Amino acid sequence: MDIKIFKTAEEASKAAAEIFKDTLKTGQEVFGLATGSTPEKTYEILVESDLDFSNAIAINLDEYYGIASTHDQSYAYFMNQHLFQHKPFKETHIPNGENTDAEDEVTRYDAILEKYPRDLQILGIGSNGHIAFNEPGSSFDATTTKVKLTDSTIQDNSRFFDNKDEVPQEAYSMGIKSIMDAKHIILMAFGESKADAIKKIIEGPVTEDVPASVLQKHPNVTLLLDEAVASKLSSN
Ligand code: F6R
């Protein structure tokens, strides 16, 4: 793992935007994208840049189950607000949270993942070590799945909703195997609340109990951290 520690989240976000730029420059145009607060600044920098994504394909990690794409907390809505409406992509893909036929949705999304191997995959991390919505205990061999969110994720994400009861309890998520298929993975993490998770994924064993620990096995991972999230690392 290539670990880069920055003074602030903003500097780390600029570094992520630079990696997008370098990826595009080499003609690689399939981007695996994340939502949540972590990549927001990077998307803002991309929107303000002169980068051209009109030939690029965007494939998102996950979507809440049972939520309309027009809901202001759906990940489809998030991506439109933060990136797609400002920077048009050739194609954008996101699991369809309104598809109640899980088998159908999983098959549909896996076919998209098969068709478009990711050149660059962006990840955030949950305080419990999840990546996408692969919660602790998720199989490293999984492709797309309909998952049950853990209480800790529902609690973490309740900050975006009026109250905890409104947070969807299930989601569609790209599986860990599909995430690991990307050529280059960037994981960004900021703030003290994720310092334990970051220490575990870098210094702990590779275990399904800590989903992001699988990244130790990927040949090309860049961790972009701020000082707060890196504060518990032994080498610090
Ligand atoms: C979202 C996603 C999640 C988030 C994680 C951290 O698409 O895949 O794994 O990256 O829950 O969320 P934030 O960035 O809001 O702390």
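FYI, side chains are in, hydrogens and waters are out, and symmetry mates aren't considered; it's all heavy atoms of this structure. Not measured: the values here are computed from a predicted model. Counting starts at 1 for both ligands and their atoms, following the listed order.
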Measure the acute angle between the ring planes of F84 and F89, then classify it against the limits of 30° and 60° as parallel, tilted or perpendicular. perpendicular
To the nearest 0.1 Å, how far is atom 1 (C) of ligand 1 from its closest protein heavy atom, and which atom is that? T35 OG1, 3.2 Å
Using a strict cut-off of less than 4.0 Å between a Lys/Arg side-chain nitrogen and an Asp/Glu carboxylate oxygen, indicate whether K232 and D196 qualify as a salt bridge. yes
Please report which non-hydrogen protein atom sits nearest to atom 12 (O) of ligand 1, along with the residue it belongs to and the distance in Å to one decimal place. K194 NZ, 4.1 Å
For atom 9 (O) of ligand 1, the protein heavy atom that lies nearest, with its residue and separation: A132 O, 2.7 Å
What is the closest protein heavy atom to atom 10 (O) of ligand 1, and at what distance does it sit? G124 CA, 3.3 Å
Looking only at the side chains, is there a donor atom on one of K177 and S139 sitting less than 3.5 Å from an acceptor on the other? no
Surrounding CD of E192 (heavy atoms of other residues, nucleotides or ligands, distance under 6.0 Å), is the total greater than 12? no
Region of E63 engaging ligand 1 - heavy atom pairs below 4.0 Å: neither
With rounding to the nearest 0.5 Å, note down the distance linking OG in S231 to NZ in K194. 14.0 Å
Under 4.0 Å, heavy-atom basis, I'd like to know which part of L61 is in contact with ligand 1: side chain, backbone, both or neither. side chain
Going by the 4.0 angstrom heavy-atom rule, the piece of I125 near ligand 1 is backbone
Assess whether a salt bridge exists between K146 and E105, defined as any Lys/Arg side-chain N lying under 4.0 Å from an Asp/Glu carboxylate O. no
Could you list the atoms of ligand 1 found under 4.0 angstrom from a heavy atom of T38? 13 (P), 14 (O), 16 (O)
Using 4.0 Å as the upper bound for N to carboxylate O, is an ion pair formed by D151 and K164? yes
Minimum distance, heavy atoms only, to atom 4 (C) of ligand 1: which one of H130, R159, M188 is it? H130
Rounded to the nearest 0.5 angstrom, the OG1-OH distance for T35 and Y43 is 7.5 Å
For ligand 1, indicate whether the residue D62 contacts it via side chain, backbone, both or neither (heavy-atom separation under 4.0 Å). side chain
Which atoms from ligand 1 have a heavy atom of G36 less than 4.0 Å away? 14 (O), 15 (O)
